[in-house]
Amino acid sequence: MAHGSFATVITCMDGRVQEPVSKWMKEEFGVDYVDTITAAGPDRLLAIQNPRVAPNIRERVGISVEKHGSKVVACIAHDDCAGNPVSKDKHLEHLAAALRVIESWGWSVRLLGLWVNEEWQVEVISDTNPGR
Ligand SMILES: [Zn+2]
């Protein structure tokens, strides 16, 4: 097992979201490192189970969970996403569907759905363990 504690994010390749998300995850979960899996609009790519991208994301989440011992996996959707240029409502639909796909992968981890708003602030949309 790797040294230090890890969390996992599946986030957009958009350079505006990675820093706020990484910082938020470190503060929220007190982890040393955030494994960052990027794609262009990952909420949609997972929701539709894109045959080229979804298995690759799954493989990378697996490394983070199994080799780094991550206990929490967050999927991110964000405002002004060029990779998935849809309304916020549609993003939140994609995010919910994406989380169902991630859950189906079967790891016993806490799952979060996060929205990064137009101020580049992180908002919790869903959390499988909200009463911690
Ligand atoms: Zn994006």
Side-chain angles (χ1 to χ4, degrees):
M1 196 64 81
H3 205 69
S5 57
F6 292 81
T8 314
V9 295
I10 303 165
T11 187
C12 195
M13 39 63 74
D14 192 315
R16 296 172 293 182
V17 299
Q18 285 152 31
E19 217 173 276
V21 165
S22 187
K23 186 168 177 283
W24 188 89
M25 291 292 288
K26 283 182 182 168
E27 286 172 3
E28 190 70 16
F29 298 106
V31 292
D32 300 314
Y33 309 105
V34 179
D35 288 340
T36 303
I37 296 158
T38 67
D43 54 329
R44 175 178 168 275
L45 294 170
L46 287 175
I48 66 168
Q49 303 196 54
N50 178 290
R52 190 169 48 84
V53 180
N56 178 266
I57 291 176
R58 179 183 181 164
E59 187 183 329
R60 286 183 281 163
V61 173
I63 291 167
S64 185
V65 171
E66 293 169 13
K67 306 274 170 68
H68 284 172
S70 171
K71 304 270 188 292
V72 54
V73 177
C75 187
I76 279 81
H78 71 100
D79 187 67
D80 195 33
C81 184
N84 184 19
V86 297
S87 66
K88 180 177 179 183
D89 283 351
K90 195 71 196 171
H91 268 296
L92 297 188
E93 271 177 42
H94 284 157
L95 189 58
L99 286 159
R100 285 194 294 274
V101 170
I102 298 163
E103 190 172 23
S104 77
W105 294 341
W107 289 294
S108 127
V109 292
R110 183 170 173 179
L111 289 179
L112 280 99
L114 303 177
W115 171 252
V116 182
N117 66 25
E118 64 280 4
E119 307 283 337
W120 310 109
Q121 293 159 337
V122 175
E123 298 175 14
V124 178
I125 302 298
S126 67
D127 182 352
T128 55
N129 181 22
R132 127 196 99 87

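Both counts, for ligands and for their atoms, begin at 1 and track the order of listing.
- A salt bridge links Arg110 with Asp127: the distance from a Lys NZ or Arg NE/NH1/NH2 to an Asp or Glu carboxylate oxygen falls below 4.0 Å.
- Rounded to the nearest 0.5 Å, atoms CD1 (Ile102) and CG (Leu95) are 8.0 Å apart.
- Trp120 and Glu19 form no side-chain donor-acceptor contact under 3.5 Å, judged by distance and modelled atom types alone.
- In this structure, Arg100 does not pair ionically with Glu103, as no charged nitrogen and carboxylate oxygen lie closer than 4.0 Å.
- The aromatic rings of His68 and Phe6 lie parallel to each other, their planes meeting at an angle below 30°, with 60° marking the opposite boundary.
- The nearest pair of heavy atoms linking Leu99 to Cys75 is CD2-CB, 4.1 Å.
- Listed by chain and number, Cys12 SG, His78 NE2, Cys81 SG are the protein N/O/S atoms closer than 2.8 Å to the Zn ion (ligand 1), with waters left out.
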